[in-house]
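Have a look at the structure below before the remarks.
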Amino acid sequence: MLFFKAPPKEKPVPLAAGLPDEPVSPSVSETIQWLQKEFGHSSDLVVTRYKDAEKELALIYVDTLTDKQKIQHVLPHLNSPQVPLSWPPFSSPSAQACRTYPEAVSALLEGYAAIAREGMPELILIQADSAFQRDVKEPEGERVIKGAHEGLVERLAINVHLIRKRVAHPKLMIDHLSIHTENRTTIALLYIDGKADPDVIRQAKDRLKELAGEPLLSINRVEQTLEEFPYSPFPQIINTERPDRLTSNLMEGRIVLLMNGSPVGLIFPISFLSLYQSPDDYNNRWLVGTFFRMIRLFSFVTAITLPSLYIAVVSFHFEVIPNELLFPLKNSVQDIPFPPLVEAIIMELTIDLIREAGVRLPTSIGQTIAIVGGLVIGDAVVKAGLVSNITIIIVALTAIASFAVPSSDLSGSLRILRFPLMVGAAMFGFLGVVIGFLFILLEMCRLESFGVPYLSVLDSRLRQTFKKFIRLPGGGTDG
């Protein structure tokens, strides 16, 4: 198993190169023509002309992004043909001046309404974005027994609010990055000044510039850009839908990245043990939290090595099986026409097929697929003599162990990594398992997340080292 570093990417052409930083014309007609040309004369770009006692006015907005009631509040200020309009026409905190066309285009796409007046080389922007949004609910994939039940939503302002209300820290910095992506998506970088590493912040901003000019439809595209080792099977960034998890990592000096339109936040830099921490560790008593954290760490070794160890024992090392289990195991596998490796691969692929089908189908049908796959197919393949009972038990335990991982990305990686170990076990027995596991450890030793070693476990302070493995009493975070 060899993993290598990604080749340097070609420097992208920023979208701003095709959108000149042209100042707003004092002519209303020229401004309207410029914006209509930029929007391709789209039918949802609404332009309404007015006239006060002296000058011509125009109200411009994207109909599908704005709230009609907010637009109605603007109209009485414009539709007064007998009275000259004062400029700017609004003193609201949401009103702001705009002097360049690129700024105006970005504002219109965010739901602002623009007011132009003849002779004025600027536009007045009024916040009129639509209030349509999803309610804040607990994320389906990261439920906790105790603690908060709020999850991120697709609106960036609400996600920042959920974090702000938890981090009452004056040094919480929120940088809204202006990256000229093709669909002009807003990205926010959150960190606590004085705790976060300035070098990591600079690296993140430099890597985000590589997104310029590309369509940015998912935060996973951002994650792949930020990772230094994209060909490695191990995730180097945590993605989560929980504001409390983002908050605790912010307080530990890590950096959080949010994107408008995505209910997921990214956390970096991380270590391998960060992927096995859960908010429930701190919602329970320290002894219970420590117990479940150790269970999750044990599940990592189980999910990777259990099928390969079974194949090695059945194929090469019968001598390690106790006498009480030797005959039941022999009776179980002697009539199976396939070798243990093929048995295990058949069941592993069947489990993955059932999982994928359950995820893609509606919830009610997904439960039916789980019953059909787990009971009917599992029982049928054993009775048909295609797979042994022991293999079913091993694969089921492996699947449960991989589902215990809090990170869905790492869980997927474990499912992939176990296949080379199974092949090594079928060829060389325990020796193949050990060699394969050493390759995995070497890969983990090689990885870094923004300069932080992936296996940064040891610390000069003994208490900090223990806290990375177990949850000590006294609350707080993993520091």
Side-chain angles (χ1 to χ4, degrees), residues 11-66 70-71 73-75 77-81 83-129 156-157 174-188 205 208-209 211-216 260:
K11 188 176 181 180
V13 178
L15 186 65
L19 191 61
D21 193 18
E22 188 174 340
V24 173
S25 169
S27 169
V28 171
S29 298
E30 288 184 7
T31 298
I32 293 173
Q33 289 177 5
W34 199 100
L35 292 175
Q36 285 180 333
K37 181 181 178 182
E38 180 61 26
F39 279 86
H41 297 276
S42 175
S43 59
D44 63 347
L45 180 68
V46 178
V47 179
T48 309
R49 292 174 178 263
Y50 300 92
K51 190 173 184 180
D52 62 9
E54 297 178 349
K55 300 288 181 61
E56 185 181 4
L57 302 164
L59 176 65
I60 309 165
Y61 58 92
V62 180
D63 185 49
T64 49
L65 296 176
T66 52
K70 294 179 181 177
I71 294 294
H73 290 302
V74 177
L75 297 181
H77 297 274
L78 304 178
N79 197 15
S80 303
V83 181
L85 183 70
S86 60
W87 195 261
F90 296 95
S91 58
S92 168
S94 64
Q96 52 184 302
C98 163
R99 296 183 180 277
T100 64
Y101 284 130
E103 289 181 57
V105 171
S106 297
L108 289 172
L109 290 173
E110 291 175 6
Y112 281 78
I115 302 172
R117 189 172 190 242
E118 189 69 27
M120 302 303 296
E122 64 180 11
L123 300 175
I124 298 300
L125 303 175
I126 308 297
Q127 191 171 19
D129 56 321
L156 178 61
I174 302 172
D175 289 348
H176 286 86
L177 304 180
S178 177
I179 301 172
H180 297 288
T181 56
E182 190 170 332
N183 53 340
R184 300 170 185 275
T185 301
T186 306
I187 293 175
K205 291 181 178 179
L208 287 172
K209 290 177 183 175
L211 295 169
E214 298 183 11
L216 193 56
N260 197 32

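Any value given below was found using the heavy atoms of this structure, including those in side chains, with hydrogens, waters and symmetry copies removed. For clarity, every value in this text was computed on a predicted model and none was experimentally measured.
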Could you work out, with salt bridge (charged side-chain N to carboxylate O under 4.0 Å, His left out) as the rule, every residue matching Lys205, not counting sequence neighbours?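 For Lys205 the salt bridge (charged side-chain N to carboxylate O under 4.0 Å, His left out) partners, ignoring immediate neighbours, are Asp175.
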Quick one: salt bridge (charged side-chain N to carboxylate O under 4.0 Å, His left out) partners of Asp63, sequence neighbours excluded? Lys68
Atom [atom1] in [X], atom [atom2] in [Y]: separation rounded to 0.5 Å?
X: Ile115; Y: Thr48; atom1: CD1; atom2: OG1; result: 11.0 Å
X: Arg117; Y: Thr31; atom1: CZ; atom2: OG1; result: 14.0 Å
X: Gln33; Y: His41; atom1: CD; atom2: NE2; result: 8.5 Å
X: Ile126; Y: Gln96; atom1: CD1; atom2: CD; result: 9.0 Å

Can you name the side chain to side chain contact (heavy atoms under 4.5 Å, CB included) partners of [X], sequence neighbours left out?
X: Glu110; value: Tyr112, Thr186
X: Leu65; value: Val62
X: Glu30; value: Ser25, Ser27
X: Ala97; value: Glu122, Ile124

Quick one: list whatever passes side-chain hydrogen bond (donor to acceptor under 3.5 Å, both in side chains) with [X], sequence neighbours left out.
X: Thr100; answer: Glu103
X: Glu56; answer: Arg49
X: Ser29; answer: none

Nearest atoms (heavy-atom pairs only) where [X] meets [Y]:
X: Leu108; Y: Ile60; result: CD2-O, 3.5 Å
X: Gly111; Y: Thr66; result: O-CG2, 3.3 Å
X: Leu125; Y: Cys98; result: CD1-CB, 3.7 Å
X: His176; Y: Leu156; result: CD2-CD2, 3.9 Å

Does any non-hydrogen side-chain atom of Val28 lie less than 4.5 Å from one of Leu57?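 Sidechains of Val28 and Leu57: no contact.
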Close side-chain approach of Phe39 and Val105, heavy atoms under 4.5 Å: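 Heavy-atom side-chain distance check passes, below 4.5 Å.
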Lys70 side chain to Asp129 main-chain N or O, any donor-acceptor pair under 3.5 Å? yes
